[in-house]
Q: 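Take this structure first; my questions come after.
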Amino acid sequence: MNKTQQKQPEKVLRKAHYKSAFLRPTGVVARCGKSVYISPDFHKKLSRIVFLLGEGEITLTDYLHSVLKHHFEEFGEEIKIIYADKQKPIL
């Protein structure tokens with residue numbers, strides 16, 4: 001099996017992982033959260049992702065919730081370390 005054939009199943013797994021992690025309803029209701037302002041460019045990109053890839057099954061709130069949840073799971077320890085570093089006394 002050559003490298004191209006080996007990478008194909010990996011791409012399929014990554015695609016499936018992405019879909020299960022980000023393109024599913026979360027149950028979060030937008031009106032129960034807070035307003036957040038994002039750049040028009042990001043809004044356009046996010047709206048297209050939700051509309052085209054979410055196939056009418058998810059909202060922008062669902063997608064952003066999933067992305068942020070993943071971010072905090074992935075970088076939670078780093079965030080805690082940086083926070084702890086900021087809490088040290090100067091003198």
Q: In a table with atom names and distances, give each donor-acceptor pair under 3.5 Å that connects a side chain of residues 56-65 to protein atoms at least two apart or in another chain.
A:
| residue | atom | partner | partner atom | Å |
| --- | --- | --- | --- | --- |
| Thr59 | OG1 | Thr61 | N | 3.4 |
| Thr59 | OG1 | Asp62 | N | 3.0 |
| Thr59 | OG1 | Asp62 | OD2 | 3.2 |
| Asp62 | OD1 | Thr26 | N | 3.0 |
| Asp62 | OD1 | Thr26 | OG1 | 2.7 |
| Asp62 | OD2 | Thr59 | N | 3.0 |
| Tyr63 | OH | Tyr18 | OH | 2.4 |

Q: Using distance only, find each side-chain donor-acceptor pair of residues 31-41 under 3.5 Å and give its atom names and separation, not counting sequence neighbours.
A:
| residue | atom | partner | partner atom | Å |
| --- | --- | --- | --- | --- |
| Ser39 | OG | Phe42 | N | 3.1 |
| Asp41 | OD2 | Lys45 | NZ | 3.2 |

Q: Who else is in the cluster with Ile82 when I, L, V, M, F, W and Y are joined by side-chain contacts under 4.5 Å?
A: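 So far as hydrophobic clustering goes, Ile82 is joined with none.
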Q: Supply the members, apart from Phe51, of the Ile/Leu/Val/Met/Phe/Trp/Tyr cluster built from side-chain contacts under 4.5 Å; use none for a lone residue.
A: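 Direct or chained contacts put Phe51 with Leu52.
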Q: Do the charged groups of Lys69 and Glu73 touch, with an N to O distance under 4.0 Å?
A: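 Glu73 and Lys69: salt-bridged.
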Q: Are Val67 and Ile49 linked, directly or through intermediate hydrophobic residues, by side-chain heavy-atom contacts shorter than 4.5 Å (ILVMFWY only)?
A: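 As far as the 4.5 Å side-chain criterion goes, Val67 and Ile49 are connected within one cluster.
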Q: What pairs with Lys80 under salt bridge (charged side-chain N to carboxylate O under 4.0 Å, His left out), at least two apart in sequence or on another chain?
A: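 Salt bridge (charged side-chain N to carboxylate O under 4.0 Å, His left out) list for Lys80, sorted by chain: Glu77.
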Q: Could you pull out the closest heavy-atom pair between Ser20 and Arg24, with the gap in Å?
A: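 Residues Ser20 and Arg24, closest heavy atoms: O-NE, 2.6 Å.
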Q: Please list, chain by chain and in numerical order, all residues satisfying side-chain contact (heavy atoms from CB on, under 4.5 Å) with Phe72, sequence neighbours excluded.
A: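 Phe72 satisfies side-chain contact (heavy atoms from CB on, under 4.5 Å) with Leu68, Ile79 once adjacent residues are dropped.
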Q: What is the minimum heavy-atom distance between Ala21 and Ser66, and which atoms define it?
A: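 Looking at all heavy atoms of both residues, the shortest contact is O-CB, 3.4 Å.
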